[in-house]
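Below, chain A is the first sequence line, B the second, and so on; all start at residue 1.
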Amino acid sequence: MIKPSLAKGTRDFGPLEMKKRKFIFSTIENIFKLHGFECIETPAMENITTLTGKYGEEGDKLLFKILDSGDYWGNAEKSLLPNDIIDSHKLTPLIASKGLKYDLTVPFARFVSMHRNSITFPFKRYQMQPVWRADRPQKGRYREFWQCDADCIGSKDMSNEAELIVIFDSVFRALGIQSHQIHLNNRKILEGISTLLFPHVSFITFTTILDKYDKIGWEGISKEFGENGIGELELKGLSKFLVQEPLTEDLLNDWKAHLQSNPLAFMGLQEIEEVFNLIKTTKSCTQVVFDGTLARGLSYYTGCIFEVKIKESGLGSVAAGGRYDNLTEIFGLKDVSGVGISFGADRIFDYLENQNLYPKNIVESTKVLVCALDPESMPFAFELGMELRNNKIETVLYPGITKLKKQLDFANANQYKLVVLMGENERKENLYTLKNMETGTQTKANLQELIQSIQLS
RNA sequence: GUGAUUGUAGCUCAGUUGGUUAGAGCGCCGGUUUGUGGUACCGGAGGUCGCGGGUUCGAGCCCCGUCCUUCACCCCA
């Protein structure tokens, strides 16, 4: 006997949990569809060359690799392996040519590049699938989790960004959440500031340190910048950019003054202004925070970047996204800019579980249980089941004849509110007994009356 | 990948300085009730104490390893 167990960082979902998850997925999907995004799917596994080098050094380490089939060691190009050095990192490329996808954006870029001739640009697609990361699990972090992505590729227009912000807001509101904040920044601003203030520090180093501001504060990041050779004087210039404030006209004007002398940063700010002008009359705008410290780790972003946080959740970001100008270029498709967002379904699920924010009707069962009380009644019960289903009533026929107590226990355990009894008495009278499990009342009815009272309750 | 942390019945947890046959509550199954549940009463089943090694006359308890859980770092949804 093997002790049943789950692989690290994965989880099972029972019927009740699945109802809640489906509620999340369908809420997101409906809003994606409402905005005209088309659904696609890509495989769980990709060629490893598709995946590596897209997520930065850390990302590559977190890729799940799939061992080649057959005699993978015999077929391996061992000449590429340094003699008697056993280094797993050098070994894996020789024996693993596929990997599980790490996100939905890179496979999408591959998809777009491959199918460029049959795609009409701008192309809006959504995708809701699991992704895998070989991370150490912790709070809000799993090795398998679902992302729900919407991207628009082949358009540089800022209305895409504006629409995606509205989608962020619509989804969280539809899920019954109000305390979400949509953080917004632009990589061009960061790049401009970085080259202006810290020309001797790489942009990647700059963003990774800056991104930690939320967690470790001013002291923490000034210490880390210090370790990278940045003095206190230079740091002072940075401090005025570390704001997290509601996005307003005044704020933008303020920043324009700061960034006037910096063409790249100024361009980034103009993009944000364009987005602001489109959303400023929507209620979504009230949830938007201009966040000068938002940087995003993924290296492919080039314009606006987003991150949605629920303050009291303790979960990090529950959704994120941004614009990428060069992602399809690696797959041979140049000058196609895209922008997209991703909802972290598992973190949203955890938050809703915690807060128990689900609408009541998604957890309640609307099913009816039909109980046959003796073998002769079974054909009648079976037929009744068919009749009820023909009338769009979700019906479960209790399989077999057992004590009524057991059948009623079954109804309680599954929270069925209505039970129909079919026994000798009912056969003789040509009626059905309808029992309400909450009130305990029982009534007799013919088929038409039965269907009616079920539909009314 | 680094550093902590956890594991005893289906679930939540007790278990004394190492000492006979490892307990409770809830749940589950059966009965009180052969056509009436969610309450009550009575009875019952269920454990390789995560796994492997070690110390000991003796290990659920001590030591080592390993896996899983949870958490922080790194990074991220």
Side-chain angles (χ1 to χ4, degrees), chain A residues 1-11 14 24 28 55-63 88-89 102-105 128-149 168 204 207-209 211-212 214-216 220 224 295-299 306-310 313-322 340-351 369 371-374 377 398 401-428 433-442:
Chain A
M1 198 269 275
I2 296 166
K3 194 188 172 193
S5 62
L6 285 168
K8 192 198 273 257
T10 65
R11 43 186 184 167
I24 296 170
I28 295 172
Y55 307 108
E57 223 176 292
E58 288 298 319
D60 285 355
K61 287 184 197 159
L62 300 180
L63 285 172
S88 317
H89 298 292
Y102 177 95
D103 72 356
L104 302 178
T105 308
M128 309 205 295
Q129 292 189 265
V131 300
W132 294 269
R133 295 181 189 178
D135 224 353
R136 254 199 217 179
Q138 56 180 278
K139 188 174 189 167
R141 185 175 299 192
Y142 303 94
R143 288 186 152 186
E144 175 181 71
F145 61 97
W146 283 66
Q147 291 195 323
C148 306
D149 276 37
F168 273 144
I204 292 193
T207 54
T208 43
I209 296 175
D211 213 29
K212 292 190 211 169
D214 241 7
K215 201 178 261 179
I216 60 178
E224 291 206 18
R296 311 268 315 124
L298 293 180
S299 42
F306 324 104
E307 207 159 271
V308 184
K309 291 171 186 170
I310 300 171
S313 70
L315 279 175
S317 57
V318 289
I341 58 176
S342 180
F343 289 89
D346 285 81
R347 286 187 179 172
I348 294 170
F349 173 72
D350 286 352
Y351 176 72
L369 182 71
C371 302
L373 300 179
D374 53 70
S377 301
Y398 190 91
I401 314 296
T402 28
K403 286 180 190 165
L404 183 54
K405 172 177 163 46
K406 194 163 183 197
Q407 302 201 38
L408 294 179
D409 280 342
F410 177 82
N412 281 328
N414 291 289
Q415 292 168 314
Y416 300 160
K417 275 190 280 188
L418 297 172
V419 173
V420 180
L421 304 185
M422 187 67 228
E424 197 184 346
N425 302 340
E426 285 77 7
R427 286 204 316 273
K428 279 183 188 155
T433 300
L434 178 65
K435 182 179 178 73
N436 183 314
M437 294 299 284
E438 282 172 351
T439 61
T441 54
Q442 277 180 213

Would you indicate what A:Gly440 reaches in the nucleic acid, counting non-hydrogen atoms under 4.0 angstrom: base, sugar-phosphate, or nothing? base
Between P of B:C76 and CZ of A:Phe306, the distance in whole Å: 17 Å
Nucleotide paired to B:A22 in any strand shown, Watson-Crick or G-U, under 3.5 Å: none
Atom pair distance, as rounded to whole Å: CG in A:Asp135 and C1' in B:A72: 13 Å
So what does A:Gly314 hit on the nucleic acid, given a heavy-atom distance under 4.0 Å: a base, only sugar-phosphate, or nothing? nothing
Over how many whole Å does the gap from A:Lys406 atom NZ to B:U34 atom C1' extend? 16 Å
Separation between the C1' atoms of B:C68 and B:A45, rounded to whole Å: 28 Å
Give one of base, sugar-phosphate or nothing for A:Lys417, where a contact means two heavy atoms less than 4.0 Å apart. nothing
What's the CG-C1' distance between A:Asp60 and B:C74, to the nearest Å? 15 Å
Separation between the P atoms of B:G15 and B:C73, rounded to whole Å: 32 Å
Contact class for A:Arg296 vs. all strands (heavy atom < 4.0 Å): base, sugar-phosphate, or nothing? sugar-phosphate
Spell out yes or no: do the side chain of A:Lys435 and the base of B:U36 have one donor N/O and one acceptor N/O closer than 3.5 Å? yes
Look at A:Gln138 and B:U70 and indicate whether a side-chain polar atom (N or O) is within less than 4.0 Å of OP1 or OP2. no
Quickly work out the A:Arg141 CZ to B:A72 P distance and round it to whole Å. 9 Å
Could you check which of B:C75, B:G35, B:G3 has an atom nearest any side-chain atom of A:Arg136? B:G3
On the side chain of A:Asn412, is there an atom forming a donor-acceptor pair with the base of B:G38 - under 3.5 Å, no angle test? no
Both distances below 3.5 Å, Watson-Crick or wobble geometry, any strand: find the nucleotide opposite B:G65. B:C51
Rounded to whole Å, please give me the gap between CG in A:Asp346 and P in B:C76. 18 Å
Could you tell me how far B:G18 sits from B:C11 if I compare only their P atoms? Round to whole Å. 29 Å
Is there a side-chain contact between A:Lys405 and the phosphate of B:G30, meaning an N or O under 4.0 Å from OP1 or OP2? no
Side chain of A:Lys403 only, heavy atoms from C-beta on: which candidate in B:G31, B:U69, B:U36 is closest? B:G31
NA contact type, A:Gly56, heavy-atom cut-off 4.0 Å: base, sugar-phosphate, or nothing? nothing
Can you tell me which nucleotide in B:G31, B:G35, B:A72 comes closest to the side chain of A:Leu373? B:G35
Counting just side-chain N and O atoms, does A:Lys309 come under 4.0 Å of either OP1 or OP2 of B:C76? no
A:Ile216 versus A:Glu224: any side-chain heavy-atom pair under 4.5 Å? yes
Decide yes or no, distance alone: a donor-acceptor N/O pair under 3.5 angstrom between the base of B:C76 and the side-chain of A:Arg347. yes
Rounded P spacing from B:C67 to B:U56 in Å: 28 Å
Take atom P in B:C49 and the same atom in B:U21, then report the distance between them in whole Å. 14 Å
What's the gap between B:C62 and B:C28 when it is taken at their P atoms, as a whole Å value? 35 Å
From the options B:C68, B:C71, B:A77, select the nucleotide whose nearest atom is closest to the side chain of A:Lys8. B:C68
Strictly by Watson-Crick or wobble contacts shorter than 3.5 Å, is anything paired with B:A72, and which nucleotide is it? B:U2
Say you pick atom C1' in B:C51 and the same atom in B:G27; how far apart are they, in whole Å? 27 Å
Using a cut-off of 4.0 Å on non-hydrogen atoms, how would the nucleic acid contact of A:Asn425 be classed: base, sugar-phosphate, or nothing? base
Starting at atom CD of A:Gln415, determine the distance to atom C1' of B:G38, rounded to an integer number of angstrom. 12 Å
What does A:Ile348 touch in the nucleic acid at a heavy-atom separation under 4.0 angstrom: a base, only the sugar-phosphate, or nothing? nothing
For the residue pair A:Val419 and A:Gln407, establish whether any side-chain heavy-atom pair is separated by less than 4.5 Å. no
When all nucleic acid strands are considered with a 4.0 Å heavy-atom cut-off, which category describes A:Tyr142: base, sugar-phosphate, or nothing? base
Donor-acceptor pair under 3.5 Å, A:Glu426 side chain vs B:G35 base: yes
For A:Lys61 and B:C73, give me the distance from atom NZ to atom P, rounded to whole Å. 17 Å
Kindly indicate whether the side chain of A:Gln442 and the base of B:U36 share any N or O donor-acceptor pair separated by less than 3.5 Å? yes
